[in-house]
Number of protein chains: 2
Amino acid sequence: MPINILIVDDDDIILSSLKLIMDLDCDINVKGLCKNGDVAYKAILQGQDIDVILMDIQMPVCNGIIATKKILELRSSIKVIVLTTFDDDEYIYEALKNGAMGYMLKNSSPDKIIEAVKVVQGGNLLMHSNIALKIPGLLKKEKKIVLDSLGLSNIELNIMKFIAKGHTNKEISEELYLAEGTVKNKITEIFNKLGLRDRTQIAIYYLNNCGG
Amino acid sequence: MPINILIVDDDDIILSSLKLIMDLDCDINVKGLCKNGDVAYKAILQGQDIDVILMDIQMPVCNGIIATKKILELRSSIKVIVLTTFDDDEYIYEALKNGAMGYMLKNSSPDKIIEAVKVVQGGNLLMHSNIALKIPGLLKKEKKIVLDSLGLSNIELNIMKFIAKGHTNKEISEELYLAEGTVKNKITEIFNKLGLRDRTQIAIYYLNNCGG
DNA sequence: AACATCTTGTGACTTAAGTCACTCAAAAAA
DNA sequence: TTTTTTGAGTGACTTAAGTCACAAGATGTT
């Protein structure tokens, strides 16, 4: 049986050229072309039998990320392939979160896009190398950058970690074999070095910049 | 030219059966079998010409995650395919962070694994559906689960958010048009409902469970 | 030895945070 | 209407957090 696909893009030229490419393969059946995410969503809502969606990111009315989220909430069996021209980090992250199963660049060769449709239809996730290489950078907010670059001593760093675990000064002093007063002094130092105000801000800083 | 691969697994049976599978395809050339990540690392270090590595996760001496990291730091052009029996969340996340380009289950069919080797060699990231479906859960720590499930009122939630931004009670009272005393009372309520102790723990809780 | 310096500690202090019993007014239920 | 319930507020209190000046011991430099 053929793979029924929907193509979603605000650009007519891309829309028609993608249709041309897809029509080249006799296993693929282009069931519809949509000018934005909202139109696609409504098509699914009306019960169109779609297996795979080629989804542009930047579109007026309803962009590809939101459309993906809404469509998958409606019917999670549909495989969404996200198409990007520029590979914007934030979009990839959001698309992953929303459950898209394919990530291709628009300038990929026709056979690569066809391959992607088939791999994704087979249930697997496929991502273009240029996009995949961005993932590590997206996921790790690099502990060590902060760890080195801010001139905190080892003890100050340890105190910071304990604060970020929600411990009190007394507890920290016992855990690090220091006097409570010393812990307080160190914390004041951390405030000065990082431009913070209270221990809650230290915890927030640590969780946001040094991973949690 | 053939694809040169290395197979890394502590289990001899899996090692030899994977070799059998790979030998079925004439485009693939098994160049070596390693009993743990450290052996694989040393093989790369000695300059073995490898394109793709099939890497087990759980191994003695040096596990697959650490090995992937070390090997890619050495030679980033190598494509690592992670093989798992059980699909452990934490491992997937770590492997993604370290730059692995393939994620397959060991019980995948031989042709699926061969397909994975070729897709990955072509530069793309491939991930088994069962694993891919776990990504959204890994990435979003679901704001709304906490938002609803913990019986916090709207005001309490707003106060929580401001605490997680590092604001003082006075600031919060001005931002929410409440008396400072009311803010304090609400915070005490949050403590009781969530079993926390001070505002720093609220900030930590919010950042860990409700995204930041 | 004399000097600087770095880490840890102390004590006295100010302020913010957190607790608790109780008030007051508006809204909802009887 | 009367009674409860609920949300916001007050005031007095305890405790933890944070500031600051300074002391003591270890180490290091000239």
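Just so it is clear: chains get the letters A, B, ... in the order the sequence lines come, proteins before strands, and each one is counted from 1.
Out of D:dA17, D:dT19, C:dG18, the shortest distance to the side chain of A:Phe191 is found at D:dT19. The side chain of A:Arg199 has D:dA17 as its nearest neighbour among D:dC20, C:dT8, D:dA17. Proximity note for B:Lys186 (side chain, C-beta onward) versus D:dA8, C:dT10, C:dT7: the nearest is D:dA8.
Not one side-chain nitrogen or oxygen of B:Lys170 sits closer than 4.0 Å to the OP1 or OP2 atom of C:dA16. For D:dG9, the OP1/OP2 oxygens have a side-chain nitrogen or oxygen of B:Thr182 closer than 4.0 Å. At the phosphate of D:dA16, neither OP1 nor OP2 sits under 4.0 Å from any side-chain N or O atom of A:Asn169. Residue A:Thr188 has no polar side-chain atom (N or O) positioned under 4.0 Å from OP1 or OP2 of D:dG18.
The existence of a salt bridge linking A:Lys186 and A:Glu189 is excluded, since no basic side-chain nitrogen approaches an acidic carboxylate oxygen closer than 4.0 Å. In summary, A:Lys106 and A:Asp56 engage in a salt bridge, as defined by a charged side-chain N under 4.0 Å from a carboxylate O.
Rounded to whole Å, atom P of D:dA16 lies 10 Å from atom NZ of A:Lys184. Look at CD1 on A:Ile159: it is 9 Å from P on C:dT8, rounded to the nearest Å. The distance from atom CZ of B:Arg197 to atom P of C:dT19 is 12 Å, rounded to the nearest whole Å. In this structure, the CG atom of B:Asn185 is 11 Å from the C1' atom of D:dG7, given to the nearest Å. Atom OH in A:Tyr177 sits about 13 Å away from atom P in C:dG9, given to the nearest Å. Computed from coordinates, the B:Asp198 CG to D:dA16 P distance equals 11 Å when rounded to whole Å. Spacing between atom CG of A:Leu157 and atom C1' of C:dT7 amounts to 16 Å, rounded to whole angstrom units. When the C1' atom of C:dA16 is taken as reference, atom NE2 of B:His167 falls 16 Å away, rounded to whole Å.
Nearest heavy-atom pair, A:Asp11 versus A:Ile13, reported as atom, atom and distance to 0.1 Å: OD1-N, 2.9 Å. B:Ile65 approaches B:Tyr91 most closely through the heavy-atom pair CD1-O, 3.5 Å.
Under 3.5 Å, the side chain of B:Asn192 and the base of C:dT19 form no donor-acceptor pair of N or O atoms.
Counting non-hydrogen atoms of other residues, nucleotides and ligands closer than 6.0 Å to CG of A:Asn154 gives a total of 12 or fewer.
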